[in-house]
Number of protein chains: 2
Amino acid sequence: MHTTPAGTERTTPLDHCAPPPRQHPRPDGKDHYTISEVVAFTGLTAHTLRWYERIGLMPHVDRSHTGQRRYTNRDLDWLDFVTKLRLTGMPVADMVRYAELVREGESTYGERQALLESTRRDVLGRIAELRGTLAVLDKKIGFYEQGAAAH
Amino acid sequence: MHTTPAGTERTTPLDHCAPPPRQHPRPDGKDHYTISEVVAFTGLTAHTLRWYERIGLMPHVDRSHTGQRRYTNRDLDWLDFVTKLRLTGMPVADMVRYAELVREGESTYGERQALLESTRRDVLGRIAELRGTLAVLDKKIGFYEQGAAAH
DNA sequence: TATGGCCTTGGAGTGCACTCCAGGCAAGCG
DNA sequence: CGCTTGCCTGGAGTGCACTCCAAGGCCATA
């Protein structure tokens, strides 16, 4: 069902059907991580991490003296938050908007709060929808369980 | 934010942020509906309805003597179910697979049940994820509410 | 010194789920 | 009769979120 092209960087293709992505816990008192460490922690691909940066979804990421990315714990926190937002179905453009507000400073607290509250409402709605779907699924599964005619 | 090209067929562009799509209830004792009636009932576009048919997601839809589609109540039930599946995040290809199983008859009951149960597990997982996100959102919103430093 | 591994970049490519277009047919109305 | 409205088709186009490619830099180990 899954052709796995065995790319060098691919780890978990963010399969939205996998039960819990179970990201590795952050290890020690370090505060700078290479991109491949961040891949291991977050489950995102290196491609995606670089892309997030390009589109303005990341605050500026530090570089080593050779130009390689060095992520901080703060960056990881942000990525965790972004990942949470992402699985609410929020479009990336909206997350970029939020990131911009953060960059603009305290004056945008109100707008940020409004954005999160609207997202919160979306999430509640989505949960309600899913519960409705669950009810339908249970009914159909019930039919099949007793071999009744159903489609 | 939304440019509306005022197409002749577009009704609701399936905005996943709208609260409840609130589909019109089916009216009377009729059992054949034009495509535009189905658009009104389901919130899907006519384009999408025709596309669903092309890819094998619909059982064969009746035609009027002039070749226009005439949907039955059974078709509408199927579309409702498909719509429910769709908002679990199930890929269209998987829904087509389910439709094929239905077409193949009773011998596929077991496989269908398995498919729905796997979907059910996905839905439970998704709900759990969303609850986790909700907790994060509430924490952040709490910060903003008291104007505390947060990002 | 060379080989391998990890990282860099801009830009092109992919897959999904629609979404639209152009051209045309049939029915109803003034 | 002409016009509008609603529907038809195959095929092309769109937007999103990645995903991959080719060419190359840096560094450690053999």
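Proteins get letters first, then strands, A, B, ... in listed order; numbering begins at 1 in each.
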* Structure fact -> Value for NZ (A:Lys140) from OG1 (B:Thr119), rounded to nearest 0.5 Å, stands at 12.0 Å
* Asked: Roughly how far apart are A:Leu101 CG and A:Arg112 CZ, rounded to 0.5 Å?
  ->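 If we round to the nearest 0.5 Å, A:Leu101:CG and A:Arg112:CZ are 6.5 Å apart.
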In whole angstrom, give the distance that lies between atom [atom1] of [X] and atom [atom2] of [N].
X	N	atom1	atom2	answer
B:Asp62	D:dC7	CG	C1'	16 Å
B:Arg54	D:dG10	CZ	C1'	7 Å
A:Glu53	C:dT9	CD	P	7 Å
B:Gln68	C:dG28	CD	P	11 Å
A:Ile35	D:dG25	CD1	C1'	16 Å
A:Leu49	C:dC6	CG	P	16 Å
A:His47	D:dA22	NE2	C1'	12 Å

* To do: Please identify each residue that fulfils side chain to side chain contact (heavy atoms under 4.5 Å, CB included) with B:Thr34, with sequence neighbours left out.
  =>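 By the side chain to side chain contact (heavy atoms under 4.5 Å, CB included) rule, B:Thr34 matches B:Ser36, B:Glu37, B:Arg70.
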Between [X] and [Y], is any pair of side-chain heavy atoms under 4.5 Å apart?
X	Y	value
A:Val82	A:Met58	no
A:Leu79	A:Tyr52	yes
B:Glu53	B:Arg69	yes
B:Tyr71	B:Thr42	no

* Asked: If you look at every heavy atom in B:Thr108 and B:Val102, which pair is closest and at what distance?
  -> OG1-N, 4.5 Å
Below the 4.0 Å mark, does [N] have OP1 or OP2 next to a side-chain nitrogen or oxygen of [X]?
X	N	result
A:Thr34	C:dC6	no
A:Arg69	C:dC7	no
A:Arg50	C:dT8	yes
B:Thr66	C:dA27	no
B:His65	C:dC25	no
A:Arg63	D:dG25	no

* **Rounded (10°) bend between the five-pair end axes of the helix from C:dT1-D:dA30 to C:dG30-D:dC1** =>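 Result, rounded to 10 degrees: 10°.
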* To do: Begin from the C-alpha positions of A:Thr83 and A:Asp80 and carry the test side-chain hydrogen bond (donor to acceptor under 3.5 Å, both in side chains) through to its verdict.
  => CA-CA 5 Å; A:Thr83 299; A:Asp80 284 347; 5.4 Å; no
* To do: Just call it for B:Ser36: base, sugar-phosphate, or nothing, with non-hydrogen atoms closer than 4.0 Å on any strand.
  => sugar-phosphate
I'd like a table of atom pairs between the protein and nucleotides 15-17 of chain D - only N or O on both sides, under 3.5 Å - with the distance next to each one.
from	atom 1	to	atom 2	distance (Å)
D:dA17	OP1	A:Val92	N	3.2
D:dA17	OP2	A:Val92	N	3.4

